[in-house]
Each structure stands twice: as C-alpha cells, then as structure tokens.
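In what follows, residues are counted from 1 in the order of the sequence shown.
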Amino acid sequence: MANYIILGSFTDQGMRNVKETTKRADALRSMAGKVGATIKDIYWTLGSYDIVAVLEASDDESATALGLSIGSLGNVRTQTLRAFTADEIGNIIGKID
C-alpha cells in the first residue's frame with residue numbers, strides 16, 4: 001500500500017459549514033473505503049492548511065479518485081502528496097548511480 005498526505009483548505013462553503021467538519025471527516029473515511037483506501041489519521045491544523053489527512057491507498061488512481069470526490073463536494077480544496085517510508089526511500093536511493 002502507498003501512503004499519501006492530503007493537505008486541505010476550507011472553501012467559503014466549507015467555512016460557512018465549519019461546525020460540520022467532524023461529520024465530514026467521518027464521511028471522508030467512508031468515501032476512502034469506497035475507493036479501496038484508508039484514512040489513517042486526520043488533523044485540523046493552524047497555518048496554510050486547515051486539515052491534514054494521512055491516507056493509505058493501493059495506487060495513485062485510488063488516491064486521485066478520493067481527491068476528486070472530496071473536491072466535488074465543494075467544502076475543501078486539496079493537494080495530495082505521495083509519501084514514502086524510510087524503507088521505500090531507501091530502495092529509491094539504492095537505484096541512484
């Protein structure tokens with residue numbers, strides 16, 4: 001399984017409905033399951049992003065499907081980052097000449 005970091009910023013609509021954010025987080029977990037992914041953690045943050053989620057998915061396509069599903073609801077704009085474990089990055093570095 002691959003790991004991803006989802007950075008989220010509330011839209012105007014998301015801010016108007018901010019009191020529902022924990023319910024939307026529960027819905028996110030359900031949405032992830034439908035694309036074969038798992039939300040490992042969700043954090044509400046200070047700074048440039050309002051939410052950070054840690055996602056585990058079988059492939060980039062599943063992670064992208066979840067990101068598009070999130071965006072289509074209109075509450076959050078996302079940026080998704082592929083994340084590598086120490087073992088994974090070790091294998092990648094091992095391929096460098």
Check for me, please, whether L81 and I51 land in the same ILVMFWY cluster - side-chain distances under 4.5 Å, paths through other members count.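 Not linked; separate clusters.
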
Show the nearest heavy-atom pair for residues [X] and [Y], with the distance to one decimal.
X   : Y   : value
S48 : S9  : O-OG, 3.6 Å
T45 : Y49 : OG1-O, 2.5 Å
I5  : V54 : CD1-CG2, 4.2 Å
I39 : R29 : O-NH1, 3.0 Å
S69 : M31 : CB-CE, 3.3 Å
L55 : A37 : CD1-CB, 3.5 Å

With a 4.5 Å cut-off on side-chain heavy atoms, are [Y] and [X] touching?
X   : Y   : result
V18 : F10 : yes
N91 : F84 : no
V52 : I6  : no
I42 : W44 : yes
N17 : R24 : yes
N75 : T21 : no
T11 : V76 : no
T64 : T80 : no

I'd like to know if the side chain of Y4 pairs up with that of E56 as donor and acceptor (distance under 3.5 Å, no hydrogens or angles considered).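 The criterion, which ignores hydrogens and geometry beyond distance, is not satisfied for E56 and Y4.
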
If you measure from CE on M1 to OG on S62, what distance do you get to the nearest 0.5 Å?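 It comes to 8.0 Å.
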
E20 side chain to G14 main-chain N or O, any donor-acceptor pair under 3.5 Å?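 No: the side chain of E20 does not pair with the backbone of G14.
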
Return yes when atom CG of D41 has more than 12 non-hydrogen atoms of other residues, nucleotides or ligands closer than 6.0 Å, and no otherwise.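 Yes, enclosed.
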
